[in-house]
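Throughout, a chain's letter reflects where its sequence line sits, starting with A, and its residues are numbered from 1. Nothing here was measured: the structure is a model prediction, and the numbers come from that model.
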Amino acid sequence: MLDINFIREHADRARAGMEKKNQDPKIVDKFLRADEDWRAKTTIFDQLKAEQNALSKELSAGQSEDLLSKAQLLKKRLADLEAAQADLKAKRDDALSRIPNIPFDDVPVGKDESGNKVVREVGKKPEFDFAPKDYLTLGENLGLINVKKAAEVSGSRFGYLLRDAAMLEFALVQLAFDTLTAKGFVPAVPPVMIKPKVYEGMGRLAADQKDERYYLEKDEMYLVGSSEHTMGPLHMNEVLEESSLPRRYVAFSTCFRKEAGSYGKDTKGILRVHQFDKVEMFSFANPKHSEEEHRFLLSCQEEMMQKLELPYRVVEICTGDMGWTDARQFDVETWLPGQGTYRETNSCSNTTDFQSRGVNIKYKATDAATGEQKKEFIHMLNATGFAIGRMLIAIIENYQTKEGAIRVPKVLQGYLHKEAIGK
RNA sequence: GGAGGGGUGGCAGAGUGGUCUAACGCGCCGCACUUGAAAUGCGGUAUGCCGCAAGGCAUCGUGAGUUCGAAUCUCACCCCCUCCGCCA
């Protein structure tokens, strides 16, 4: 969530941010109104409460009928006031939860993905002396992917990864963990279920994405859409030492997504499924250096793409297309020759203090001039390591042979103990 | 899932209805003493909110309740520990 004081003082900037993100800026005014009403009620409530406290003290010294009836009257007034106050606060907080993070000023402004800016293209697109096939045809032919059986067993948007596809998953996970732990990332396997209150704090139950979540009603738990969601709260309610920053993690988890609102989109295959595995990078950073940290995470993504020798491009996501919690977002899109297009395979976001405020993670900042110590909200960043399903798609399509086999990327051959996947 | 014990400031830990405005201790910060340090002494050391300020309000795991008044009593939930059962 945004800082309440920031919205009070810079309502115009909050409105502008919402407009850029295709949200209704009137929400800000709704917030301001509820906030003002709440503050007025709070002032009266606090005064009355002070009266009550004084009265209680008097009563503790000596009771009298007069004082007691006065206190009883006060109690009733306070109860009414408290209800009204709680109501207003709920209204205010509801409005607050409908305000996304504000994009940095230099983020390209745009309505939708057509406004995204290609930053660079890297790698050579493979050339084939035959018509390249799509991954699903290849994968089904080789017995690597089975979505038909998965549909019978679990429904649409599920898939079985079989044989070397399953082996490739572990090879990719291993490659990512090897690469990133060598850089000091702490390896992690986080929970995939999360309490509603914590999830809210992470800004991932906001209006625009609540329908995207699986909820276990009986247990009041959500299934996470990414390990980001439970890695962020790893340091919930903590104050981290400035010298310990940045704190970087590489996590592996299954991800669950309803894919509501994407009916009819990418319905075939395993590109868009309800369940997939993903390696994720997460960083708790000093706000002074979070932009730098963001570029670093992006460079890690690119390094791993280059290790796989996959052609990709880096795209800076425009305001209208970027995530709810993000102040800046880059995507890595990988070339898919079977489809003749780039598709998003990685994402990399700086959420600044939008999430850390929600899960209460601070760091001890030392003022360089005065030496004074202050606790401030930390910046939190997340980035895809490998989204396994989509990387399999990219590998299958880019490494296909005329005979319908798949060459194994050099860097994975050691993990897979083979150079090609055939029948 | 069952039985029992517990959750209090950075840590440790007292407090079982009204000077709790949360003891004592440790740690931390400042000052004094000291050549310096240690030791000692004195003072200060949670967070959030309302307010221009003075000041006020809230918070003893969370939420609700009883009461004029709750860390303290009641209920529900969460978490931790011990034991039993079940389980990869």
Side-chain angles (χ1 to χ4, degrees), chain A residues 1-9 31-97 189-202 205 215-222 230 233-244 252-254 277 353 356-378:
Chain A
M1 69 188 89
L2 283 185
D3 182 2
I4 285 180
N5 283 311
F6 177 87
I7 308 177
R8 284 174 187 156
E9 286 161 31
F31 165 85
L32 288 173
R33 234 174 297 127
D35 182 50
E36 208 169 302
D37 291 349
W38 173 80
R39 278 198 283 178
K41 271 281 190 270
T42 298
T43 304
I44 301 170
F45 177 83
D46 283 359
Q47 280 167 359
L48 240 61
K49 194 77 187 163
E51 233 173 276
Q52 188 189 41
N53 288 345
L55 211 52
S56 289
K57 210 167 218 173
E58 269 185 76
L59 274 161
S60 77
Q63 305 211 351
S64 79
E65 198 107 333
D66 186 42
L67 280 177
L68 213 65
S69 66
K70 227 167 147 183
Q72 270 156 0
L73 211 75
L74 201 55
K75 184 190 180 182
K76 222 179 153 230
R77 278 183 69 193
L78 272 164
D80 292 344
L81 211 56
E82 197 170 9
Q85 191 195 18
D87 200 55
L88 285 165
K89 189 166 186 290
K91 235 188 216 159
R92 183 194 78 179
D93 291 347
D94 178 68
L96 184 62
S97 77
V189 180
V192 292
M193 292 193 232
I194 184 169
K195 295 181 186 180
K197 234 181 157 175
V198 183
Y199 220 0
E200 249 162 51
M202 284 293 285
L205 289 183
Y215 185 56
L216 307 176
E217 206 156 339
K218 234 174 141 182
D219 305 286
E220 296 180 54
M221 298 277 268
Y222 282 92
T230 36
L234 175 62
H235 292 297
M236 193 162 70
N237 298 323
E238 287 180 30
V239 180
L240 304 178
E241 286 297 331
E242 186 172 24
S243 60
S244 75
F252 169 87
S253 87
T254 299
D277 292 339
D353 59 2
S356 65
R357 189 170 294 106
V359 288
N360 187 30
I361 304 177
K362 297 183 174 177
Y363 77 107
K364 239 186 263 161
T366 308
D367 190 308
T370 62
E372 229 175 291
Q373 287 208 324
K374 250 187 349 197
K375 287 173 192 171
E376 283 178 3
F377 289 111
I378 212 161

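Within 4.0 Å (heavy atoms only), A:Lys41 reaches no atom of the nucleic acid at all. Within 4.0 Å of A:Gln52, counting heavy atoms only, lie sugar-phosphate atoms of the nucleic acid but no base atom. A:Leu59 comes within 4.0 angstrom of a base, heavy atoms only. Nucleic acid contact class of A:Arg92 (heavy atoms, under 4.0 Å, all strands): none. Counting any heavy atom pair closer than 4.0 Å across all strands shown, A:Lys49 reaches sugar-phosphate atoms only and no base atom.
Base-pair partner of B:rC57: B:rG48 (Watson-Crick or G-U wobble, both distances under 3.5 Å). Partner assigned to B:rA76 is B:rU62, using Watson-Crick or G-U wobble distances below 3.5 angstrom. In this structure, B:rC31 forms a base pair with B:rG41, meeting either the Watson-Crick or the G-U wobble geometry with both donor-acceptor distances under 3.5 Å. Base pairing annotation: B:rG10 forms a Watson-Crick or G-U wobble pair with B:rC26, both donor-acceptor distances under 3.5 Å. B:rC83: Watson-Crick or G-U partner is B:rG2, with both key distances under 3.5 Å.
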task = Assess whether side-chain contact (heavy atoms from CB on, under 4.5 Å) is satisfied between A:Val192 and A:Thr230, documenting all intermediate values.
result = CA-CA 7 Å; A:Val192 292; A:Thr230 36; over 6 Å; no

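One interatomic measurement links the two molecules: CZ of A:Arg357 to P of B:rU47, which rounds to 17 Å at whole-angstrom precision. Following rounding to the nearest Å, A:Lys195 (NZ) and B:rG61 (P) show an atom-to-atom distance of 15 Å.
Ranked by how close their nearest RNA chain B nucleotide is to the 5' end, A:Lys57 and A:Gln72 are led by A:Lys57.
Between A:Arg92 and the choices A:Asp87, A:Ile4, A:Leu32, the side-chain contact (heavy atoms from CB on, under 4.5 Å) rule is met once, by A:Ile4.
For the residue pair A:Gln52 and A:Lys49, a side-chain donor N or O sits within less than 3.5 Å of a side-chain acceptor on the partner.
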